[in-house]
Amino acid sequence: MNRILLLGAPGSGKGTQAAKITQNYGIPAIATGDILRENVAAGTPLGLEAKRYMEAGELVPDDLIIALMNDRMHEDDAKNGYILDGFPRTIAQAEALDEFLAKSGGELDHVFYLTAPKDVLIARIAGRRVCPQCGAIYHMTRFPPKTPGVCDVCGAAIIQRKDDNAETAENRIDVYERQTKPLIEYYEKKGILMTFDSALGSEIVQAKIDEVMAA
Ligand code: AMP
């Protein structure tokens, strides 16, 4: 069983590593940000509520996120493991996850913490483009698609997320420092946290994660 949690600031490469782990190990990536964006696009009550927090770079309230994740983690594809990307983001969410794990008789196998300096995070976020159809992630200069503006994987037009501008990114990183960083100590105490320097590049981080997963 592989229950993996990816921790790190916005722009630290969680989405990129989650996609690689899914590809290599066949376990689903559960990204609260993606689920919320789908809800915003579909205009669901959750999406309507979440939108203003997301656009301001603030966290969506814990009760909404915990209810959403309770449903998602009970789905069939999560029975044999999952990669959590973007959840938990607060101590209350981490405690809710622990409760869920205790009830389902399991534990997290790995917590991978990706670090990078703030200027690197901002540059990555501001240059990030995503495919709204298949979720592929690009960067304008570091990893552009082969045809400008077009997703290599599915051919859809790639877009910039509304919250991926330098100003909102600053706030998202501040929110991360205040509300999510305490989770580092939370998981360090459990003895399952491993730290990787994401500024080394996604391929090096991927190789290190592979080593841990194979051990
Ligand atoms: P992400 O795609 O992970 O960068 O998330 C985008 C935005 O969705 C965040 O800035 C928050 O507004 C919201 N969000 C995603 N995950 C969570 C979470 N676990 N708790 C609260 N808000 C979240």
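Every number for a ligand or one of its atoms is a count from 1 in the order of the listing.
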Heavy atom of the protein closest to [atom] (residue, atom name, distance):
atom	value
atom 22 (N) of ligand 1	Val60 N, 3.0 Å
atom 12 (O) of ligand 1	Glu58 O, 2.6 Å
atom 5 (O) of ligand 1	Arg89 NH2, 3.5 Å

Distance filter under 4.0 Å to [X] heavy atoms, resulting ligand 1 atoms:
X	result
Thr32	15 (C), 16 (N), 17 (C), 19 (N)
Leu36	8 (O), 13 (C), 14 (N), 15 (C), 23 (C)
Arg172	4 (O)
Arg161	1 (P), 2 (O), 4 (O), 6 (C)
Arg37	2 (O), 6 (C)
Gln93	18 (C), 19 (N), 20 (N), 21 (C)

Do other residues, nucleotides or ligands put more than 12 heavy atoms under 6.0 Å from Asn80 CG? no

Under 3.5 Å, is there a donor on one side chain and an acceptor on the other for Thr44 and Asn39? yes

Going by atom types alone, do Tyr25 and Asp210 pair a side-chain donor with an acceptor below 3.5 Å? yes

Test: ring-ring contact (aromatic ring centres under 6.0 Å, His included). Region: residues 104-139. Which pairs qualify, not counting sequence neighbours? His110-Phe112, Phe112-Phe196, Tyr138-Phe143

Side-chain atoms of residues 1-9: list all donor-acceptor pairs with protein atoms under 3.5 Å, sequence neighbours left out, distances to 0.1 Å.
{"from": "Arg3", "atom 1": "NH1", "to": "Glu107", "atom 2": "O", "distance (Å)": "2.9"}

Going by heavy-atom distance to atom 19 (N) of ligand 1, choose the closest among Ala169, Ala92, Gly86. Gly86

Checking side chain to side chain contact (heavy atoms under 4.5 Å, CB included) for the pair Lys162/Met54: CA distance, chi angles, key distance, verdict? CA-CA 9 Å; Lys162 247 190 174 156; Met54 296 171 77; over 6 Å; no

Is the contact between [X] and ligand 1 made by the side chain, the backbone, both, or neither, using heavy atoms and a 4.0 Å cut-off?
X	value
Arg128	neither
Ile65	side chain
Leu59	both

Any side-chain heavy atom of Arg89 within less than 4.5 Å of one from Gln179? no

Heavy-atom side-chain contact between Leu97 and Leu108 under 4.5 Å: yes

Below 4.0 angstrom, N of the basic side chain to O of the carboxylate: do Arg52 and Glu58 qualify? no

